[in-house]
Amino acid sequence: ASMPLPEVSHKRVVLLFDCDCFYAQCEMLEHPEWRKKPLAIKQKYLVVTCNYVARKSGVRKLQSLEDAKLRCPDLIIVDGSDLTKYRAVSMRVFNVLKRFGGAAAKHERLGMDEVFVDVTRAAEEDREDEPRLMGHLFQPDPAAVRAARTLRAELNFREAPAADAKAEQSDSGSEDGDWVRDYRETASPDDAKAALADEQLCDCGCQKRLARASKIAAEARMALFKEIGLTVSCGVSTSKMLAKIAAGLNKPNKQTTLLPQHALALVHALPTRVIPGLGFGVASALRELHPPVFTCADLAREGVRPLERLLRATLKSPPAGLAKDLWQRSLACDTDAVKPFSG
DNA sequence: TAGGCTCACACT
DNA sequence: GAGTGTGAG
């Protein structure tokens, strides 16, 4: 190991709110009669998004209109090239979310349909002894846990959650029944038990902070539904990357918590494209390598120096430090801060 | 040296 | 597609 291995503290708590099929939901707000019908939003000749009824028929994002109509002859198609309506709803979403996480929270917009919220401070406040975890908890299977352990050992990478000074201080499921379950109940008994299993406890207090954050997430999602009528998926974890990946695990209209001690078991087998900042170009170049680099574990084993060479060969002018950042993220370590007022 | 501009690239 | 944001130069 030639490069300093990533430092992982679990002190931050980051939420990612991701509006389900955003443009389609905006249209359904104006046309409730479309809610139970297959609906696609087009720009030029492409379906840019579609509701979950349409997805059941095989309609997909960025599919040609032709394909979509073949798969779903009764598809309702709306032109979405005028974005003004969507921008307005997007700002309403952002303004609702700004009320959550307390005065110290930071909110960052990503495109029109995603918002990161750093709720570290609110999650630290110790007003509830045993906060209940809301929504889903990601649980790696034993094989994935073993694979992550092997990868860590290979790279001599020790997770060091020994808290630093700061942390130490302290379906379209839009039917009503679904709502009550997802917002009002805690995680399933199995999830809750797993969260408290001795071997999975981390002594820095991240479980409690994430559980508190999961409650904030549930309250915010409830507010978005009541005040705007939108369903969102949410990821709860300790970095932007992990929150984003977590949000994708249960969709639509669900929230998922990812404990940092489970992150590598989830990330190691995923394609390199899950790493923020690693786009189509770099991912393709990585696959051309011999042996090819497909997964985050492949990239982690590759190391920083080879990645630097590949970036120089692939990109016109690779930003300084990009190789190191991407490599650290391949080990589920993402230090990118939530940047406030990005919208 | 600070700003403004374009470009490539990534993100939705 | 229809944008926005970022870093390099």
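Quantities reported herein were computed from a predicted structural model and do not represent experimental measurements. Naming: A, B, ... by sequence-line order, numbering from 1 per chain.
- Picking from dG1(C), dC11(B), dG7(C) the nucleotide with the shortest atom distance to the side chain of P319(A) gives dG7(C).
- You'll find the side chain of R60(A) stays beyond 4.5 Å of the side chain of V47(A), heavy atoms only.
- Between K11(A) and E124(A) there is no salt bridge, since none of the side-chain N atoms of the basic residue sits less than 4.0 Å from a carboxylate O of the acidic one.
- Among the protein residues, T314(A) comes within range of the sugar-phosphate backbone only, with heavy atoms under 4.0 Å from sugar or phosphate atoms but none that close to a base.
- Residue K316(A) places none of its side-chain N or O atoms closer than 4.0 Å to OP1 or OP2 of dA8(C).
- Dashed line: the shortest gap from a side-chain N or O of R273(A) to OP1 or OP2 of dC11(B) is under 4.0 Å.
- Of the candidate nucleotides dA8(C), dC11(B), dA2(C), dA2(C) has the atom nearest to the side chain of S81(A).
- Within 4.0 Å of L278(A), counting heavy atoms only, lie sugar-phosphate atoms of the nucleic acid but no base atom.
- Using a 4.0 Å cut-off, some side-chain N or O of R87(A) falls inside it from OP1 or OP2 of dG3(C).
- Across all strands, K244(A) comes closer than 4.0 Å only to sugar-phosphate atoms, never to a base (heavy-atom distances).
- Inspection of the R221(A) and N253(A) side chains reveals an N or O donor paired with an N or O acceptor under 3.5 Å.
- V13(A) approaches T120(A) most closely through the heavy-atom pair N-OG1, 3.0 Å.
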